[in-house]
Protein chains: 4
Amino acid sequence: MARMDSEQRKKQILECAKKLFARKGYYQTQISDIQHEAGVARGTIYQYFKNKDDIFKTLLENLHKEMKDVISSKPANLEEDFSSGEKVFRYRIKKAFALFANDPDYCNLLLRVGLGLGDSFDSILGRFDRQMVELIKSYLVSGIKLGRVKPDIDPVLMSNVIGGGFMRMAYFYGVTGKGSKTEEFEQLTENFVNAFAYGIFLEKP
Amino acid sequence: MARMDSEQRKKQILECAKKLFARKGYYQTQISDIQHEAGVARGTIYQYFKNKDDIFKTLLENLHKEMKDVISSKPANLEEDFSSGEKVFRYRIKKAFALFANDPDYCNLLLRVGLGLGDSFDSILGRFDRQMVELIKSYLVSGIKLGRVKPDIDPVLMSNVIGGGFMRMAYFYGVTGKGSKTEEFEQLTENFVNAFAYGIFLEKP
Amino acid sequence: MARMDSEQRKKQILECAKKLFARKGYYQTQISDIQHEAGVARGTIYQYFKNKDDIFKTLLENLHKEMKDVISSKPANLEEDFSSGEKVFRYRIKKAFALFANDPDYCNLLLRVGLGLGDSFDSILGRFDRQMVELIKSYLVSGIKLGRVKPDIDPVLMSNVIGGGFMRMAYFYGVTGKGSKTEEFEQLTENFVNAFAYGIFLEKP
Amino acid sequence: MARMDSEQRKKQILECAKKLFARKGYYQTQISDIQHEAGVARGTIYQYFKNKDDIFKTLLENLHKEMKDVISSKPANLEEDFSSGEKVFRYRIKKAFALFANDPDYCNLLLRVGLGLGDSFDSILGRFDRQMVELIKSYLVSGIKLGRVKPDIDPVLMSNVIGGGFMRMAYFYGVTGKGSKTEEFEQLTENFVNAFAYGIFLEKP
DNA sequence: TATGAATGAGAGTTCATTCAT
DNA sequence: TATGAATGAACTCTCATTCAT
């Protein structure tokens, strides 16, 4: 194998590993699979990663970071008016959809493979979806305070329902590969938010 | 080991396997774990099951069957009036909640462990949730035809959102162990259905 | 492989391992070597031992125990007269010689292989020879108190010299295989003790 | 890395290797350890040595040569009188002590690490101690002929005992680091020779 | 000459499955 | 039918060595 920039080689291995882990799961992906997929010798992998675990965890951490960025991003030129909170919410939902839809392997890894590994990787995932649900919950709570969200809903229950609904939908669209164009995310987001809109908001937005 | 009815012995092994699979995942559960948990010799397990796969698949099939019964059940003495469709829906949601909540291992197995196994068990799970979503979709479609459900919603998207929301919520309540009394299921179901009610139904039920 | 009593099988594996470790050293002895030597499948070894280390340590511990018994043994019917201390000393020297001579593999393991392993096995060996030297030192010290041993000798130095001399001799006779008959141990011991006798004892014994 | 005289570079690598081999043993010392210790790239080592074996063997040979020089050295201005043989013996013993004491790594390498490697390095060590014992034996034999050493001692046994005693003592003082001043070697040698003097010589020297 | 990324044979270990008792 | 010792394929990981730069 030709020499290669160290950072690039690491990325290459990670990319191949992501693909395989996403499709075959953690345990059914052998180091030799990654080796062949990456066109690299066995030992090379171990020069960049401590062990199989390390590859998987690095992968999860990277993905996690990416998602965090998306989730905490805000649209530029946002006037801080009454509805800005909701706009941010929509913005993030859309971004997250796009992230999943553009990277089905990512989608699988986070939404399925990572879940099935018992508690081995729990701490790293931080149980990713727990975070997402937490975020939604806090959004609802502050919505209630602001008088925008119905005060009689149960934020815990509702955040689980919304979060689960989102992820199932993301998974569906991410994996089946339907809808990868920007307009569609727009539409998807709209529909998704609308599904809950009447049930949550005091006035239809 | 005291002699035991053959059917009973099989059940006992399955019960132990369920517990372990649910808590540690498929690959991290060894045959020897099951052996010890069940207080049975290693070879005995192979008298009742072809192999490890067979245990897991049997488990999934059993659970699946149970769920199917719930999902296709109807409350007795149901007058076939206009709102009966919705009543059945609520009834089933409540039953399904109860099923998960009463058996957290079941919950874990179906909602998490089964997901991480790559495609190995896909065909058996039949992708359990796919079925559930399919069911919801058909419910929505017929709702539209009956003029009860808004005609402008996307049934595919909506069924994914509702299904995902349900499972996330079921997982949350099933695993965290909150809410195991009947009244609570009633309440849970009510809240859950309400979350979508305004977004879906033409008139609030 | 025919079924076998569990304790016997363990012994058999240990015996084969001892032979190989003694002749080829720790690192050059592969599990597969032991496997073939014992005529056992690879996995069988791991049913009796946690890992390669465990085999080696068990071996050392067993040998150590054996040696300890020898070193702390006393001839029967020993009158507790003035010279009994010396008699016990001779008795033990002779016994230790015999032990080494009758089991050259043992000899090699303790006197050579164990030494080359860095500190990995230090704690178990307890640095076997350190113990032996300590024993000799305490013997000398009490000899001085009893007025039997020259008060101007340095017990630390002398115990090292005697201990080292003994082990080198044991190694020589044990490995070269010369002198395995009882009379010869008698003679060997006599010569060995005499080598130091004039230098140590106040009166020739 | 600054350019360096080729011979110097080789020495530097050897020195680092000696330190590591002595402390961790042959197998537990990795090329990468030597690399880091020497502050040299991995490939550089292979510019100076064929392989790991080669490093170790070079080391042993160097040490061996050094020891040979010591062992065959004579004090200057030695009159060839009756007692000169004994003087040479003492002289060499003292020198050898000093050599070990001044270089504990050397000591460890020769007295412990080299021994544990099975037969891999046997031929090179030439079983260093075998040579030493041989030397002592020949000294004893000629002593007997000259009427200085008791004719009834067994030279084979005695040379082993003396050689073993010497090495154990050298190891003890070399590794524990006690006694590095010249006077102490004088004393050490005196004590060591005296230990055997009465048992070996016809008249006390 | 110096480098260090790449290599891959080979080591230890695991664990589902078999089968003699 | 029940047992658990025995099996060995398959896996992860190590590390001395090579070689393009």
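Values in this document were obtained by computation on a predicted structure and should not be read as measured data. Naming: A, B, ... by sequence-line order, numbering from 1 per chain.
Taking atom CD1 on A:Ile45 and atom P on F:dC15, their separation rounds to 18 Å, with Å as the unit. Look at CD on A:Gln12: it is 9 Å from P on E:dA6, rounded to the nearest Å. Atom OH of D:Tyr27 is separated from atom C1' of E:dG10 by 14 Å (rounded to the nearest Å). As a whole-Å value, the separation of B:Gln28 CD from E:dT14 P is 14 Å. Atom CG in C:Asp33 sits roughly 8 Å away from atom P in E:dA11 (whole-Å rounding). Between B:Ile13 atom CD1 and F:dT1 atom C1' the separation is 12 Å, expressed in whole Å. Per the geometry, CD1 belonging to C:Ile34 stands 15 Å off P belonging to F:dT7, to the nearest Å. Atoms OH (A:Tyr46) and C1' (E:dA5) sit 18 Å apart, rounded to a whole Å.
DNA chain F is contacted by both D:Lys50 and A:Lys50; A:Lys50 maps to the nucleotide lying nearer its 5′ end (nearest heavy atom per residue). Nearest-nucleotide positions on DNA chain F for C:Ser6 and D:Thr29 put C:Ser6 closer to the 5' end.
Cation-pi geometry between B:Lys10 and B:Phe49 is met: under 6.0 angstrom from the ring centre, within 45 degrees of the axis.
Between E:dA5, F:dT3, F:dT7, one nucleotide has an atom nearer to the side chain of B:Gln47 than all others, and that is F:dT3. Closest to the side chain of B:Ile31, out of F:dC13, F:dA5, E:dT17, is E:dT17.
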Query - For DNA chain E, the dot-bracket pattern of Watson-Crick and G-U pairs whose distances stay under 3.5 Å, | for other-strand partners - result: .||||||||||||||||||||
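Here C:Phe100 pairs with C:Tyr106 under the ring pair (Phe, Tyr, Trp, His ring centres under 6.0 Å) rule; sequence neighbours left out.
Side chains of A:Ile31 and A:Asn51 form no contact here, defined as non-hydrogen atoms less than 4.5 Å apart. Between B:Arg9 and B:Val40 the shortest side-chain heavy-atom distance falls below 4.5 Å.
Atom CD of B:Glu61 sits about 10.0 Å away from atom CG of B:Leu59, to the nearest 0.5 Å. Atom NZ of C:Lys18 is separated from atom CG of C:Asp103 by 3.5 Å, given to the nearest 0.5 angstrom.
Ring geometry for A:Phe21 versus A:Phe56: interplanar angle over 60°, hence perpendicular rather than tilted (30 to 60°).
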Requested in this report: Start with the C-alpha gap between D:Asp53 and D:Tyr26, add the side-chain angles, then the distance that decides, and say whether side chain to side chain donor-acceptor pair (under 3.5 Å) holds.
Outcome: CA-CA 9 Å; D:Asp53 249 58; D:Tyr26 178 79; 2.8 Å; yes
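Of the residues A:Arg23, A:Lys19, A:Lys24, the one that meets the salt bridge (Lys or Arg N to Asp or Glu O under 4.0 Å) test with A:Asp33 is A:Lys24.
As judged by a 4.0 angstrom heavy-atom cut-off over every strand, C:Tyr48 is placed among residues touching the sugar-phosphate backbone only.
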Under 3.5 Å, which protein N or O atoms sit close to an N or O of nucleotides 8-10 of chain F? Give each pair with its distance.
from	atom 1	to	atom 2	distance (Å)
F:dG8	N7	C:Gly43	N	3.2

